[in-house]
Amino acid sequence: MIFAAATVELSRAALQHNAKKAREYAPKSKLIAVIKANAYGHGAGQVAKILAPEVDAFAVARLDEALVLRESGIKQRILVLQGFLQAEELPIFQQEQLDAVVHSEYQVELLEKSQLSGRLSVWLKIETGMNRLGVQPSQFKSLLMRLRTCVSVADDIQFMTHFANADDRKDPKTKQQEACFLTTIKGEAGDRSVANSAAIIAWPSAHLEWNRAGLMLYGASPIIGEKASSLGLMPVMTFYARVIAIKQVKKGEAVGYGSSWQAPKDMLLAVISAGYGDGYPRHAKAGAYVLVNNQLASLVGRVSMDMLTVDLTGCSQVNVGDKVTLWGEGLPIDEIANSANTISYTLMCGVTTRVKASWV
Ligand SMILES: *Cc1c(COP(=O)(O)O)cnc(C)c1O
């Protein structure tokens, strides 16, 4: 067998487990699995197939992402979180039975001008403090009335908003956004959705008719400073590479581009077969860990495109060809994200196409 230099192994069982966990956290709510950006880099088609029996609906960011899912045979409800931008998209939403998020007045106008043969399911999104997408609370009543009289819109209009700071259990803004949302829609009948992964875990009052779980399904922690494992989540993606060289360096010798790191003593190093060209973060700090034969080894020098280098001090029995874990099972992706001053979302999304992925 020829070893692949960089691979990701994706765990079906972990994905199913995390979906069940999302339900356990919020047993009264229906569950929307957010699988935008190719299911956070895990492969949207396969993730949707595995999750179809576990969830009530899917959400993607854009129309083209929804079409890929329909083509692969997904029959469930799919919310398109950015809705539509042009009149030409509306018949496609209708044909493919996609739910559209309406976040701006121009979209209401497009619906009013459209002549569809059927009616679209619409989620009216309200701006409550994120200042990204959503209609202002002051516009809400009049836009809702217009949507309700629009022949292209299905009767049961749903309401949603999105939290900016739900990942911080101490931040009062989440409660303020929730209150703003509830006040705005007061007296209006319709299903509601506000909770992302962080709110599913940390803000039970935000569990309404529908929740939208993204990150937690993939097994990373959506809460600042809390470990995924302590939240009951299991990593779906494990990123592997191989030891391709072992070398001795002397005290004071530099390793990698820019010679930014020098050995503080005579040391044994291993060169690992993955780098930023595979999606390992170039900005990971010296000291970030990898696992070599279940032993921690820390990064030294700059990450290059196809390789990175680690310190084998304290590791025993390491050989060329040994498998190395860069994140995932045994090495939380959140720790690597922290070492690179980023978030686990970007690492998952950033695994490149040359990395061979397989489901187990
Ligand atoms: C991406 C997204 C989500 C999922 O967020 P997670 O933090 O990954 O759970 C939910 N709702 C909206 C509107 C989103 O854009």
Side-chain angles (χ1 to χ4, degrees), residues 15 18-19 21-23 25-26 29-42 44 47-48 51 54-63 65-66 69 77-84 98-104 107 122-135 158-169 171 173-174 177-178 181 191-204 206-224 226 228 231-233 235-237 333-334 337 342-350:
L15 184 61
N18 296 334
K21 208 76 206 168
R23 283 217 192 269
Y25 274 108
S29 305
K30 284 183 247 187
L31 182 60
I32 303 170
V34 181
I35 56 171
K36 61 197 180 189
N38 201 26
Y40 294 43
H42 293 65
V47 166
L51 287 183
E54 313 283 344
V55 303
D56 301 292
F58 292 106
V60 292
R62 305 174 183 163
L63 175 58
E65 294 179 316
L69 293 177
R77 251 175 116 169
I78 304 175
L79 273 70
V80 179
L81 295 169
Q82 293 179 0
F84 45 86
L98 303 172
D99 282 39
V101 171
V102 168
H103 52 75
S104 299
Q107 294 173 309
V122 163
W123 296 70
L124 182 55
K125 184 169 188 178
I126 301 161
E127 172 52 56
T128 58
M130 174 94 170
N131 281 310
R132 203 173 58 177
L133 294 182
V135 305
Q158 297 117 133
F159 309 115
M160 64 184 279
T161 194
H162 192 49
F163 292 135
N165 303 3
D167 57 346
D168 182 350
R169 289 185 192 263
D171 196 311
K173 183 161 178 164
T174 302
Q177 286 194 259
E178 187 188 305
F181 175 78
D191 279 6
R192 304 159 299 170
S193 175
V194 298
N196 55 1
S197 296
I200 289 171
I201 291 172
W203 302 93
H207 300 167
L208 302 175
E209 286 77 23
W210 295 83
N211 291 337
R212 310 187 300 269
L215 189 71
M216 71 181 300
L217 296 175
Y218 310 103
S221 171
I223 309 293
I224 293 172
E226 294 180 33
L231 299 171
L233 304 173
V236 175
M237 174 191 287
I333 190 170
D334 296 311
T342 186
I343 51 177
S344 46
Y345 297 77
T346 65
L347 299 188
M348 289 175 178
C349 287

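Since we're looking at a predicted model, the values are computed, not measured. Whatever order the structure lists them in is the order used to number ligands and atoms, beginning at 1.
- With sequence neighbours excluded, the residues forming a side chain to side chain contact (heavy atoms under 4.5 Å, CB included) with A66 are V60, I78, V80, L98, listed by chain and number.
- Counting only distance, with no hydrogens or angles, the side chain of N196 and the backbone of R212 share no donor-acceptor pair below 3.5 Å.
- Remark: ligand 1 and L81 share no N or O pair separated by less than 3.5 Å (distance only, no angle test).
- The shortest distance between side-chain heavy atoms of E65 and L81 does not fall below 4.5 Å.
- If you number the atoms of ligand 1 from 1 as listed, the ones under 4.0 Å from a heavy atom of K125 come out as 13 (C).
- Considering backbone and side-chain atoms alike, A198 places every N or O at 3.5 Å or more from each N or O of ligand 1.
- Nearest to atom 5 (O) of ligand 1 by heavy atom, out of Y218, W123, F163, Y40, is Y40.
- Of all the atoms in ligand 1, the ones that sit under 4.0 Å from a non-hydrogen atom of N196 are 5 (O), 9 (O).
- Among all non-hydrogen protein atoms, the one lying nearest atom 7 (O) of ligand 1 is Y345 OH, 2.6 Å.
- Residue-level proximity to ligand 1 for L215 is carried by backbone and side chain together, each with a heavy atom below 4.0 angstrom.
- Under a 4.0 Å criterion applied to the non-hydrogen atoms of R132, ligand 1 contributes the atoms 15 (O).
- Close approach of ligand 1 to R212 is summarised as follows: ligand atoms under 4.0 Å from at least one heavy atom of the residue are 9 (O), 10 (C), 11 (N), 12 (C), 13 (C).
- In this view, F159 and F140 satisfy the ring-ring contact (aromatic ring centres under 6.0 Å, His included) rule, not counting sequence neighbours.
- Of the protein's non-hydrogen atoms, the one nearest atom 9 (O) of ligand 1 is S197 OG, 2.5 Å.
- Using modelled atom types, one side-chain atom of N38 and one backbone atom of A44 make a donor-acceptor pair closer than 3.5 Å.
- Among M216, H162, M348, the residue whose heavy atom lies nearest to atom 13 (C) of ligand 1 is H162.
- Shortest non-hydrogen contact noted between A228 and G219 is CB-O, 3.3 Å.
- Within ligand 1, counting atoms from 1 as listed, the ones closer than 4.0 Å to a heavy atom of K36 are 1 (C), 2 (C), 3 (C), 14 (C), 15 (O).
- Side-chain atoms of T342 do not come within 3.5 Å of backbone N or O of A337 as any donor-acceptor pair.
- In this structure, D171 contributes its side chain and N165 its backbone to no donor-acceptor pair below 3.5 Å.
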